[in-house]
Each structure stands twice: as C-alpha cells, then as structure tokens.
Amino acid sequence: MALCGGVGAMALPSELIVHIFSFLSDRDKLRASAVCSRWRECLFYPALWTELKLRIGGGCNGGGSSSEETPKLEFLMRKFGSFVRELQLELAPVEGYLSPLNSDPSSTRMDQPDSDPQLSERWRDAMATYLDQVLCVFSSIRNNRNLRKLSLYGDTCVLQQEGLLDRSNLHQIHQGDKKINEIQQLFMELLSNGRQLRWLSCSFMLGLVTPSSLASLSNPSAETLQHLSLLDHQLGPLISPSELDRLSNLHSLSVDFADFTSELCALLASPQRTPLHRLSLLLNGAALEFKPLEGTATEDDWKALIRVSANLRVYIMALEVDSSELLRVLKPSLPLERLHLDSYSSLVTDATLELISQQYNKTLTHFLLLRDDPDFPDLSVNRNEDPLVLLSWRCTQLAVLVIHGYTVWSHNLVAISRLRGSNLRILTVSEESIDFDPDQSVSIEGDPVHNLVKEVSLGLGRVWHPCLDSSLVLSEPTQHFHRELHTFSVGM
C-alpha cells in the first residue's frame, strides 16, 4: 500500500485510516488490525463498530466448535459491547442435533444412537458453553445506554425437550441455576439502563426472558421501541397486557400465536396507539396441549384491529399443526401476507389450501408448504383442479412459493409458472416432490425432466431448475422464523 513520493500508509492520519476501515467487513477489519500496532489502535474507534453481527458455534463458516469460539466472543464484547449501537447475535451451542439428558429417543426429531455414551457429557458441555457465552454478552452490554437494536437467537432446540422448555436438568450443569438467574438479572439491567432502544428481539434464548422481564424496560425505551419479538418454549405468556400498553409506538410485534389473546388484540386496536404494521405469529402444534387456542383473537378482534391498523400485514408459521387447528386459526379478516406450514408428520389437506386461496387471495405473497417425511401425499388426488394451481391463480400477489414433501405433478408446475409468470420471484420445488403423469409423458418427446425445466423457465421468463438438495429447503424452522420475521419487519 504505497503512496506517491514514497510516503507509506503509516503517514496517513488516523481519521483517514478509520474511514478506509469503514468499508471493510467485520472479519476483514480484524485481519487488518494484525498488520501493525497503529492499525490495531485505529480498529477500536467506536465509529467503526456501531453495528455488530455474529454467529457463534454450530461449525458455521468452517469455524470450530462453539466453545473454541468463546474467546473470540469475549474479545469482541469486551472491546465493543459498551458502545455498539446494533447487536445481532446467533448462538449455536453445537453442530447438529443432540438428545437432551434423560429424554426419550423416540421423541426426538432426528434419531440418535441409543448406545452413544458421550451424549450426556456433550449435552452438559454444550449447555455450559451456551450459559457462559450469554453471560459474556450481557455482562458487556449491561450498561450500554445507547444500544438501539438487540437481536438474539439461540439455536437451543438441541438443549431442551422437544416442543417446550425444560430446565429440570440445569442442576447437572456446574452452577447452572445460578448462571440462569444471573443472565436474567443482567438482561433486566440492560432493559433498565437503555435510553433509546428501538428493536428488541429475543428468540429461543434458553432461560433468558421471563414474564417479568419487560417490566424492567426504562420509560425512554418504552417510548422509542418500534419492534418487539419475544419467543420461547415456555408455558406462560412473555408479554402482559400492562407491559404492552406502555409500548404505544410499536410498529411490529412477534409473539407465540397462543399468547396473542383477545385482550392483547384489543389493546393494539386502541386509536391512541401508533398503528401496527407487522405482526409475526408462531403456532407450535407441540405446545397446543399446554397452550390451547381458547382466548386467542377472534374474528371481531381482527376486524377491530384492522380498522385502526389498515396497513397491517401478518406472517404466520405453523409448525406441526393439523388442518383442523389451522381452520380455527385462519380467520377471514386476518390480513395474511406470509404463511409457512411446516411439519414432520401432520398433513395439510386440500380443503385447507382451498380456504387459504379464497380468503387471502388479495394479500398472500409468500407461501411455504414443507413436510419432512418419506411419504409424498398428493393433494390433488380427489380433485379436478390441483389446489396449488388454484392458489397460484387466485392469489394475485403471490411472489414466493416453496414446496417439499407433497407431490407436485409436472404439468401442474408448468401451469403455476404460466399463471404467475415473472411475478413469481421465487419458485422452489424439491426434485423429490416432482412426479410425472405417465399418460402425458407418452405425448412428450425427449427427457421429461429437461422438458419440464424448459417449460417452467419459459413460463417464469428466467432460467429455473428444481432444487436437488432437500436440505436447502428444510431449514431449522425456528431459525427460519427468526430470520424471516426480521426481514418481514424491516421491510415495512
């Protein structure tokens, strides 16, 4: 990096070096800091670290285990935690899936060898690492009064019983109960000390949020907060009506569907509040036994909310929910924009798709229909028209369609591409889901897959291919929901 006249980079003023560093990614900034002590000093200017995005663990980006990355996290938090303005953090304690202690192997989503003696020890190590990392983060940001955005996701389904939070084994972690209590206290201190918090999102952070956490939010932050997302596998609601009433300027909200009660909906429908623009709801079928739908927002509640928030759009993920429960949830007045139906065994019926295509024909833009099961049921077996084709025809705003785990006939896929054309920005269908009608294949010359790719590409007006790797479609549902609600809420 030579300059004219033989003057090297060391002669540049610190302000100019900091300005050059501002164009680098976080990773490249850290690498550049190793060049010399001068550059290292410039690296730690607060202006360079107003925003910090990290994903720790899970073998991400070719990195090591989560415990090996703890020193890196400690370094970054020690240097930048006190003044960072926006912090987005994803914690993945382990790579892959671990059965929790004392769990029934038959209840886990991914089978593990029953004879593996290391599972319990690995579980303890992962749990201890997770607690230490969360403690590190909140110890560093607890007094940050200028924090504007805090987005946390804990990929901790590997650390808990399927469906619901289970802390019964924390006593087996060294000082587990003590650390959880300290984490909760630090979180409340952060909320109390903040003065201009605008975005607060905590998704599946094991043991972090309690029903009383929001009571600690300072009055200045209660006035400035525009987005709130609190999601966990706990039994009780995390947002009380009295705390929601304080947050009069919310633009977007994300909660468990069972916690979106008539009372909360009525509060949001108050004309004294800022109109709500985005609402993300997670419906977990595994929790319905403990968190029933009785008391959730009714059709009249939705109508009242829409009268005040005319531009409201809703995103729903239904995880392992059967069609009978879906029919109870999908109210006619609900302004549904994005719908993600994900399951391991539950089936979505053609009648449910019919209702969706009729009720939300003017608002639905994203539809994901996923099922992780070796059987691929045919939704059109008893119908003259395929329900997915009808949905594509009726829903005039549909821009994203993702399908896996259900049979999609090739000629119906061609029909969908022609109906939506270039307006369908994303059409993702796994190769396993596509089947070919033998009667129609007789009249088609050449390779049927090649012909399908050609016809769908022509319909969409761009090159298209089926998805060959189903794992690219079947992402971890809670992680997908966390990231999608972020995009959904920012997009308002």
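Hydrogens, waters and symmetry mates are skipped; everything else that's a heavy atom, side chains included, is used.
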Near E263 CD, under 6.0 Å, is it more than 12 heavy atoms from other residues, nucleotides or ligands?
no

Heavy-atom check, side chain of Y406 versus side chain of S433, under 4.5 Å
no

Polar side-chain atom of Q226 near backbone of W199 as donor-acceptor pair, under 3.5 Å:
no

Check for a donor-acceptor pair, side chain of S489 on one end and backbone N or O of L485 on the other, with a separation under 3.5 Å.
yes

Taking the side chain from T365 and the backbone from L398, do they hold a donor-acceptor pair closer than 3.5 Å?
no

Do I239 and D259 come close enough that some side-chain heavy atom pair is under 4.5 Å?
no

Any salt bridge between D301 and K331, counting N to O under 4.0 Å?
no

Determine the sole option in I403, L347, L353 for which the side-chain contact (heavy atoms from CB on, under 4.5 Å) test with L379 is passed.
L353

Is there a side-chain contact between H340 and F481, using heavy atoms and a 4.5 Å cut-off?
no

Polar side-chain atom of W464 near backbone of L427 as donor-acceptor pair, under 3.5 Å
yes

When you measure from the side chain of S417 to the backbone N and O of V414, does any donor-acceptor pair fall under 3.5 Å?
yes

Output yes when a side-chain donor or acceptor of S309 lies under 3.5 Å from a complementary backbone atom of L276, and no otherwise.
yes

Salt-bridge criterion met for R328 and E294 (N-O under 4.0 Å):
yes

Aromatic ring centroids of H251 and H227 under 6.0 Å?
no

What I want to find out is whether E86 reaches R148 closely enough, with some N-O distance under 4.0 Å, to be called a salt bridge.
no

Note, C265 side chain near S262 side chain (heavy atom, < 4.5 Å):
no

On a heavy-atom basis, which atom in L208 and which in S213 lie closest, and how many Å separate them?
O-OG, 4.1 Å

If you take all heavy atoms of P466 and V453, which pair is closest and at what distance?
CD-CG2, 3.9 Å

Any L341 side-chain heavy atom under 4.5 Å of L326 side chain
yes

Using only atom types and a distance under 3.5 Å, with no angle test, would you say the side chain of S248 pairs donor to acceptor with the backbone of R273?
no

Do the side chains of E90 and R483 get close enough for a salt bridge, i.e. N-O under 4.0 angstrom?
yes

Any chance you could lay out the side chain to side chain contact (heavy atoms under 4.5 Å, CB included) test for W302 and V314, step after step, and finish with the verdict?
CA-CA 11 Å; W302 282 109; V314 177; 4.0 Å; yes

Whether R246 side chain and L217 backbone form a donor-acceptor pair below 3.5 Å:
yes

So, does D256 use its side chain to make a donor-acceptor pair with the main chain of A258 at under 3.5 Å?
yes

May I ask you to check whether H404 and F376 place their ring centers less than 6.0 Å from one another?
yes

Do Y130 and L91 make a side-chain contact, defined as non-hydrogen atoms from C-beta onward lying under 4.5 Å apart?
yes

Would you call E299 and S333 a side-chain contact if the rule is heavy atoms closer than 4.5 Å?
yes

Salt bridge or not for R394 and E354, using N-O below 4.0 Å?
yes

dist S457:OG -> H465:NE2 (nearest 0.5 Å) comes out at 6.0 Å

To check you understand the geometry: which heavy-atom pair defines the closest contact between N361 and S357, and what is its length?
CB-O, 3.3 Å

T296 vs F260, side chain to side chain contact (heavy atoms under 4.5 Å, CB included): CA-CA, chis, key distance, verdict
CA-CA 6 Å; T296 55; F260 191 67; 5.8 Å; no

Ignoring hydrogens, what is the shortest heavy-atom contact between F488 and E337? Give both atom names and the distance.
CE1-OE2, 3.4 Å

Any sub-3.5 Å donor-acceptor pair from D342's side-chain atoms to P477's backbone N or O?
no

State the CH2-CZ distance between W393 and R420, to the nearest 0.5 angstrom.
12.5 Å

Quick one: do K149 and E51 make a salt bridge, cutoff under 4.0 Å?
no

The test is side chain to side chain contact (heavy atoms under 4.5 Å, CB included); show your working for L401 and I426 and say whether it passes.
CA-CA 6 Å; L401 181 61; I426 296 176; over 6 Å; no

Run L339 and L364 through side chain to side chain contact (heavy atoms under 4.5 Å, CB included) and show every step you take.
CA-CA 8 Å; L339 180 60; L364 191 68; 4.2 Å; yes

Could you check if a side-chain atom of L200 sits within less than 4.5 angstrom of a side-chain atom of C202, using non-hydrogen atoms only?
yes

Rounded to the nearest 0.5 Å, what separation is found between the CG atom of L305 and the CG atom of L279?
7.5 Å

